[in-house]
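Since the structure comes first, as structure tokens, the remarks are kept for the end.
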Amino acid sequence: MAIGRVAPLEAVLFDIDGTMCISDPFHHRAFSELLVQIGYNDGVPITQEFGMTHMAGRGNEQIGSFLFPDWDQDRIDAFFREKEALFAKYAAEGLKEIAGLTRLCRWAQERGLKRAAVTNAPRANAELMISILGLSDFFQLIVTGEDCERSKPFPDPYLRALALLGASPDHTIIFEDSTIGVQAGVAAGMPVIAIADERREGKLLTVGATLVIRDYQDPKLWAALDKTDAKSEAAGVNGVEQNGS
């Protein structure tokens with residue numbers, strides 16, 4: 001699904017964890033510490049690969065069901081309250097944006113594009129990360145997996161964001177980083193630009209990513225956006241923000 005087919009571009013939708021910011025190390029640290037404390041995996045710390053395979057992009061409900069299939073919901077909820085508190089502490093100490101994110105956000109704002117963050121993270125986490133990144137005023141809304149009957153990899157969160165923004169999937173692009181996030185975006189009928197290193201690029205292309213970039217400074221991204229701009233101008237859209245939103 002070509003990026004250029006969305007011209008004139010109307011909206012951009014962003015995942016947060018791993019897409020807007022480098023958050024996985026803080027999630028991993030919090031999970032690893034708590035899991036060691038309770039003797040998970042016989043007290044052997046989980047690896048980064050384990051986290052990427054079984055936890056990245058998933059909501060706490062999905063992760064809890066995988067990690068603790070025999071636990072009752074109250075115990076799972078208590079674990080995640082502690083985990084999210086640890087994550088918030090560590091993220092506040094060093095959360096950083098994916099390189100070039102500020103430039104991309106400025107590009108979107110200058111064109112008056114509608115903007116939403118769409119995540120499987122709990123709302124408090126989502127708001128915390130967006131605040132640390134200095135983007136609280138950039139996003140017009142945040143949609144979480146908790147807001148929908150089904151979270152990613154189902155398309156529901158992205159479809160909800162479109163409905164709330166009043167945007168068309170035919171004129172919207174998604175930025176993602178996880179397999180289940182790409183699957184959700186593709187199922188919602190939109191082209192997905194994925195952030196990934198070389199090791200994960202093939203997998204993300206296999207599940208439907210239109211373009212895989214290393215970060216928001218990647219020349220491949222800006223070449224695609226320049227083409228979209230050119231098609232928008234040819235269609236009579238001037239590409240300059242008019243409404244100040």
Side-chain angles (χ1 to χ4, degrees), residues 1-21 57 97-120 130 133 135 138-143 152-196 200-201 204-235 237-241 245:
M1 188 182 299
I3 300 298
R5 78 141 179 91
V6 300
L9 189 59
E10 180 181 5
V12 286
L13 308 179
F14 289 83
D15 176 53
I16 303 176
D17 282 294
T19 300
M20 291 170 52
C21 55
E97 71 167 35
I98 300 290
L101 177 67
T102 297
R103 177 188 174 191
L104 178 62
C105 291
R106 185 166 55 247
W107 179 92
Q109 197 159 17
E110 286 172 350
R111 284 153 182 77
L113 302 181
K114 298 174 181 179
R115 310 176 291 272
V118 183
T119 177
N120 273 354
I130 287 172
L133 294 170
L135 294 172
F138 174 77
F139 287 106
Q140 293 157 316
L141 62 95
I142 299 171
V143 174
K152 303 175 192 177
F154 293 99
D156 304 34
Y158 280 117
L159 295 175
R160 178 176 175 82
L162 287 178
L164 292 172
L165 287 174
S168 166
D170 296 329
H171 300 287
T172 300
I173 56 176
I174 291 172
F175 292 93
E176 267 286 356
D177 75 301
S178 68
T179 301
I180 67 169
V182 171
Q183 290 172 324
V186 171
M190 288 168 278
V192 181
I193 298 175
I195 304 288
R200 296 193 300 119
E201 180 171 357
L204 294 175
L205 289 171
T206 298
V207 296
T210 297
L211 180 68
V212 177
I213 59 176
R214 299 294 172 256
D215 55 35
Y216 299 110
Q217 297 174 330
D218 196 317
K220 290 189 295 183
L221 169 66
W222 292 99
L225 295 181
D226 285 345
K227 289 180 181 178
T228 302
D229 267 350
K231 288 187 177 182
S232 295
E233 290 172 6
V237 178
N238 64 17
V240 178
E241 184 175 26
S245 63

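All figures in this text were calculated on a predicted structure; none of them were measured in a lab. Start at 1 with the first residue, then count along the sequence.
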Mind checking the [atom1]-[atom2] spacing from [X] to [Y]? Nearest 0.5 Å is all I need.
X	Y	atom1	atom2	result
Lys220	Arg214	NZ	CZ	5.5 Å
Leu101	Asp215	CG	CG	10.5 Å
Ile174	Thr210	CD1	OG1	9.5 Å
Leu221	Asp226	CG	CG	9.0 Å
Leu13	Leu162	CG	CG	5.5 Å

Looking at side-chain heavy atoms only, is the closest gap between [X] and [Y] below 4.5 Å?
X	Y	answer
Leu225	Ile173	yes
Ile16	Phe139	no
Leu133	Met20	yes

Grab the two heavy atoms, one from [X] and one from [Y], that are nearest each other, plus how far apart they are.
X	Y	result
Leu204	Val212	CB-CG2, 4.3 Å
Ile130	Ala117	CD1-CB, 3.8 Å
Thr172	Val6	O-CG1, 3.6 Å
Tyr216	Trp222	O-NE1, 2.7 Å
Thr228	Gly4	OG1-CA, 4.2 Å
Gly18	Ile98	O-CD1, 3.9 Å

Next on the checklist: Taking the six-membered ring of Phe138 as reference, does the cationic atom of Arg115 (NZ for Lys, CZ for Arg) lie under 6.0 Å from its centre and within 45° of its axis?
Outcome noted: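 Geometry flag: set, cation within 6.0 Å and 45°.
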Next on the checklist: Quick test of your reading: applying salt bridge (charged side-chain N to carboxylate O under 4.0 Å, His left out), list the pairs with at least one residue in residues 157-166, sequence neighbours left out, ordered by first then second residue.
Outcome noted: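 Residue pairs passing salt bridge (charged side-chain N to carboxylate O under 4.0 Å, His left out), neighbours aside: none found.
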Residues that [X] engages under side chain to side chain donor-acceptor pair (under 3.5 Å), provided they are two or more places apart:
X	result
Ser168	none
Gln217	none
Arg200	none

Next on the checklist: Other residues, nucleotides and ligands only: do more than 12 of their heavy atoms fall within 6.0 Å of NZ on Lys227?
Outcome noted: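 Open: at most 12 neighbouring heavy atoms sit under 6.0 Å from NZ of Lys227.
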N/O donor-acceptor pairs under 3.5 Å from side chains in residues 175-192, not counting sequence neighbours:
| from | atom 1 | to | atom 2 | distance (Å) |
| --- | --- | --- | --- | --- |
| Glu176 | OE2 | Lys152 | NZ | 2.6 |
| Glu176 | OE2 | Tyr158 | OH | 2.6 |
| Asp177 | OD1 | Thr19 | OG1 | 3.0 |
| Ser178 | OG | Gly181 | N | 3.0 |

Checklist entry - Excluding sequence neighbours, so at least two apart, what forms salt bridge (charged side-chain N to carboxylate O under 4.0 Å, His left out) with Asp17? => result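 If we apply the salt bridge (charged side-chain N to carboxylate O under 4.0 Å, His left out) test to Asp17, skipping adjacent residues, there are no hits.
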Checklist entry - Under the 3.5 angstrom rule, does the side chain of Lys114 hit a backbone N or O of Leu165 as a donor-acceptor pair? => result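 Pair found, side chain donor or acceptor close to backbone of Leu165.
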Checklist entry - Step by step, would you call Arg111 with Leu9 a side-chain contact (heavy atoms from CB on, under 4.5 Å)? => result CA-CA 9 Å; Arg111 284 153 182 77; Leu9 189 59; over 6 Å; no
